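Chain letters run A, B, ... following the sequence lines, proteins first, then strands; residues in each count from 1. Because the structure is a prediction, the values reported are computed rather than measured.
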Amino acid sequence: MSISKTDQRIAAAGVTSADQELMREQEAARIRAGALQRRAAVGRLAIRLVSLLIVLGGWEYFGRQTNPILFTYPTAVAQAAVKMIASGELWKYLSQSLIVLFAGLGLASVFGIALGLAMARFRVIDIALDTYITALYSIPSVALVPVLVLWFGFEITAKTAVVFLFTFFPIVINTYQGVKNVDERLLEVGRAFRCGERDLWIHIVLPAALPFIVAGLRLAIGRGLIGMVLADLYTAITGIGYLIARYASTYRTDAMFVPIVTLGILGITLTSLLRFVERRIAPWAHQAGRE
Amino acid sequence: MADAKILIDRASKLFLEGTVVAFRNIELSVRTNEILCIVGPSGCGKTTLLRCIGGLVAPTSGRVLIDGATVERPRAGVAIVFQHFGLLPWKTVAANVAFGLKVGGAPRGETAERAEHYIKLVGLGGFENHYPYQLSGGMQQRVGLARALATNPEILLMDEPFASVDAQTREVLQEELLGLHERERKTMVFITHSIDEALVLGDRVAVMSAHPGRVKEVLPVEFSRPRDASAVRADARYAELRNHIWSELRPTAVV
Ligand SMILES: Nc1ncnc2c1ncn2[C@@H]1O[C@H](COP(=O)(O)OP(=O)(O)OP(=O)(O)O)[C@@H](O)[C@H]1O
Ligand SMILES: [Mg+2]
């Protein structure tokens, strides 16, 4: 174990007994911190599991007492899920929707971040566009779906446009805010060391704005899922929206809940994935509280 | 003055549409290779004056000249140690110290080597891969100092660079700075709240007063160089100067 590794290091270095004591203490602190983190992780997991059990248990209990046309219960959903996964039905429709989601979200990220940066950098663009951005962000995106259908038809282009519409503005606005919120004093440090425009952006502005941009992406994921289902329902009915609509219309409430639960899991997965990536590329933004 | 490296020519700086007067009508020169220390009560405009010298803000009236040329933007060969440290939170100690060299276009190998040298000089060897949030305030301040030193500037502008370090480390750093000044002959402007520090380091001490900020007096500090801090403190003139500056600062410090 690691204790013996420390002992080896001590032996190899031929250090004083005070140093040895320190190294042992460091080793112990490291192990303690690791244990503490593991215990915290186990604690979190335990709370989540218990809470999940209570929620599922309650749902199961009350679900079984209601009319199966109106409501369902977890074991029934699980059974339906197994069938739908085994037959490939779930994946077939989910993948249709996912393509739309990723295309829309991807385009919105690229253009949203680019426009946010451009607005923050160039006053002319900012002044020229900020009213429209605010207005479009304020209009409930649903209201614009019929317009998009008019322009783009009912197929995948229209669906992607819907997701784009739902996700574009939070990304633009957060990116813009992130750049505008850069600490003036750090910009001054950059100027003092005679940074050119390029270096200022690379070394100061973009890293400072990064947490804001990620927060914008997180918002966009949530809104993107809404847009995705909405697009399935309001344009040509396909994908996961079709699955929900079909089972709803045949009163198969248990099967209808399978895509719904899938959407929830999808949201959690994408958000945690984003958080993981953020921790990797921006460790300074999250670890400040760590011992 | 012919040998003035930095010349502040009747400069004033007003903020917020003239409602806040940072300093007014300052006449001050810094000679080549001298260490000029500035002491003065909080809010008398020391930091603002330093930003004017560094070309970060322009004086509202008057001029700041370096080598006879008006300072309009940050100049090459001038480095600033910020009162607020100004470290980049997303860079490690090594990358922060290398920052000035990197954006200055120094070759990569040389950058790393110089950064390492100055990290050791300020006593932070072993912390190269730490992020600023993992360091104490005093350690962060020393990173800011190393970053400025690493660019090997002709002029060093330092804003209370040792304010957050402990008394012992402070003395070590003072000696390092004196040694550096002996070896590399730099012109330094050094803001401090410590009269002792001003006397140990400075060739001259400018005493400022507040409301409005102005230079009250510039005192020559004629201890021989190379300097030894304890010898300076033992000198009779040290106590005399110290008391004098104390009494100069006292009336404004109370208001
Ligand atoms: N950007 C600014 N906008 C408005 N007022 C400012 C600005 N910077 C400084 N001031 C004002 O100018 C005056 C001098 O500030 P400065 O920071 O230069 O003081 P200082 O002598 O460095 O003080 P300290 O010893 O506390 O660091 C203060 O009254 C301050 O409020
Ligand atoms: Mg100050």
Donor-acceptor side-chain pairing of A/Y176 and A/D126 below 3.5 angstrom: yes
Heavy-atom pairs under 4.5 Å with chain A, option from B/W90, B/Y131, B/F99 with the top count: B/W90
Among A/A208, A/G196, A/G190, residue most engaged with chain B (heavy-atom pairs, under 4.5 Å): A/A208
Under 4.5 Å from any heavy atom of chain A - which part of B/A95: neither
Top contributor to chain A interface from B/H84, B/R75, B/R73 [non-hydrogen pairs under 4.5 Å]: B/H84
Toward chain A, the part of B/L87 with a non-hydrogen atom under 4.5 Å: backbone
Taking every non-hydrogen atom, the tightest pair across B/R63 and B/A11: O-CB, 4.1 Å
Derivation and outcome, ring-ring contact (aromatic ring centres under 6.0 Å, His included), residues B/F190 and B/F162: CA-CA 10 Å; B/F190 191 106; B/F162 305 152; 5.5 Å; yes
Proximal component of A/L200, with respect to chain B [non-hydrogen, under 4.5 Å]: neither
Residue B/R51 versus chain A: region with a heavy atom under 4.5 Å: side chain
Donor-acceptor side-chain pairing of B/E197 and B/T192 below 3.5 angstrom: yes
Heavy-atom pair of closest approach, residues A/N174 and A/F212: ND2-O, 3.1 Å
B/Y118 six-ring face occupied by B/K120 cation (under 6.0 Å, within 45°): no
Choice from B/G144, B/G54, B/G100, B/P74 maximising heavy atom contacts with chain A below 4.5 Å: B/P74
